Amino acid sequence: MLNGKTILLIVTGGIAAYKSLILVRRLREGGATVRTVLTAAGEKFVTPLSVSALSHEQVYTDMFSLTDEAEMGHLRLSQEADLIVVAPATADILAKMANGLADDLASTVLLAADAPVLVAPAMNHRMWRHPATVANMAALEARGVQRIGPNDGSLAEDESGPGRMAEPEEILAAVEAALGAAHRPLAGRRALVTSGPTYEAIDPVRFLGNRSSGKQGHAIAAALATLGAETVLVTGPVALADPVGVETVHVESAREMLAACEAALPADIAVCAAAVSDWRAGQVADRKMKKEDRGPPDLPLTENPDILATLGRSARRPDLVVGFAAETENVVANAQAKRARKGCDWIVANDVSPATGTFGGDANRVHLIRADGVEDWPRLAKEDVAHRLAGRIAEALENENRESLRAEAAE
Ligand code: C5P
């Protein structure tokens, strides 16, 4: 998708610079030529050697080395780029760009640039929120500089807030969008994704919950959005940032989750990845239950609505309904039965027996169960499971489109 494109990547000094190495790889996998400028501070975090090994191109670190005839001058470096990407973009480089400073190779290239510029800011949340940075960013955006992120989440120094550099996949999607090269087979489709656990109140302070982290569901919402779907994510309480480019609705209980899903219809695609609590307290105490009152309480439970089954049988059923099955034994057989029982088209079955580390972990080994067979996927990062699943969804809807066009033509 990026074949024939030249990206000039400017890596400035921030802890997020290691993620720029992954970005280099992703850009090259997409077919781009990647030339990199490393600032002096950037070199403190990644080495020219590691960048050039991944980019298969020379890395430029010093303005004065470019005066050699045999080397590429800074004007050529920026003129030959289809897009300049600054990732990570520190508060310092944003300030230089906003004010037209040119005291090193990176800032000089940026000042001489005709190519469009995309920045991926990364810094401490206080620096991001400082009026100076806010004004610099606004000035740059007013001049047409594009921005991806920063995301909200945990930062270096054990702090959290807005300031995390966007993930390489998100930057890649922004690069593709900036170059008009995005592969967006789900453009024009609406997707609904559930994620995370639900919390079912027992009294004002206690709840029934589960250990779902929401990582898989959030990654699926982000992957569907990357392929162009207008995506609504309905999530229970999680410690994750809202995915970029996804409308995120926060709920607590299963009943709230169902209501939010119904409000998000119509949709073409529904992926239910939430770990919805099967039961809730029959009666929620309106005051904190006290140990002294009467010893351990009786806690009669009542069944929660099944969101997946409700969507699967709804009059406004999405064209493609995908459920998850977390199993600890007979994974495929149980999941196949669940597919029929819940009225969904596909089930993504995963083994969550404690030894697999799936819950809260970053990887997942799944089987995709469809009416016509089972695909066993290798153990993959949850993001990669998400991208594969989003790809399969896009293929299925494209095929369905083709078939309905063929049927129409035959009529
Ligand atoms: O029956 P079980 O909980 O194993 O089914 C898992 C699948 O059903 C998941 O896709 C989950 O998101 C969905 N589910 C739901 N509402 C419930 C229970 C499960 O949407 N109340």
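Whatever order the structure lists ligands and atoms in, that order sets their numbers, starting from 1. Note that the coordinates shown come from a computational prediction; the quantities given were computed from them, not determined experimentally. Residues take their numbers from the sequence shown, with the count starting at 1. Computation of the quantities below employed the complete heavy-atom set of this structure, encompassing side-chain atoms and omitting hydrogens, waters and symmetry-equivalent molecules.
- Counting protein heavy atoms only, atom 17 (C) of ligand 1 is closest to V276 CB, 3.4 Å.
- For atom 19 (C) of ligand 1, the nearest protein heavy atom (residue, atom name, distance) is K342 NZ, 3.6 Å.
- For the residue pair E329/N334, the side-chain donor-acceptor check at 3.5 Å is not satisfied.
- At least one heavy atom of P305 lies less than 4.0 angstrom from ligand 1.
- Ion pairing of R365 with D376 is absent here, as no side-chain N (NZ or NE/NH1/NH2) approaches a carboxylate O to less than 4.0 Å.
- Judged by distance alone, the side chain of S195 and the main-chain N or O of G214 form a donor-acceptor pair under 3.5 Å.
- When only non-hydrogen protein atoms are considered, atom 4 (O) of ligand 1 lies nearest to K338 NZ, 2.3 Å.
- If you check the side chains of T133 and N136, you find no donor sitting under 3.5 Å from an acceptor.
- In this structure, R35 pairs ionically with E80, as a charged nitrogen and a carboxylate oxygen lie closer than 4.0 Å.
- Ranking the protein heavy atoms by distance from atom 9 (C) of ligand 1 puts F324 O, 3.1 Å first.
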If you apply the rule side chain to side chain donor-acceptor pair (under 3.5 Å), what do you find for H250 with D242, and how did you get there?
CA-CA 10 Å; H250 293 266; D242 294 352; 3.0 Å; yes
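- Ligand 1 has an N or O atom lying under 3.5 Å from an N or O atom of C272, backbone or side chain.
- Under the 4.0 angstrom criterion for non-hydrogen atoms, M257 is not in contact with ligand 1.
- Without hydrogens or angle criteria, D345 side chain to V321 main chain gives a donor-acceptor distance under 3.5 Å.
- The shortest heavy-atom distance from A325 to ligand 1 is not under 4.0 Å.
- Taking the ring axis of W377 as reference, the NZ or CZ atom of R388 stays within 45° of it and closer than 6.0 Å to the ring centre.
- Remark: ligand 1 atoms within the under-4.0 Å shell around heavy atoms of G323 are 10 (O).
- Counting protein heavy atoms only, atom 13 (C) of ligand 1 is closest to L308 CB, 3.7 Å.
- The shortest N/O to N/O separation between I307 and ligand 1 falls below 3.5 Å.
- Shortest non-hydrogen contact noted between V234 and A260 is CG1-CB, 3.7 Å.
- Every heavy atom of N304 sits 4.0 Å or more from the atoms of ligand 1.
- Counting only heavy atoms of the protein, atom 11 (C) of ligand 1 lies nearest to A274 O, 3.2 Å.
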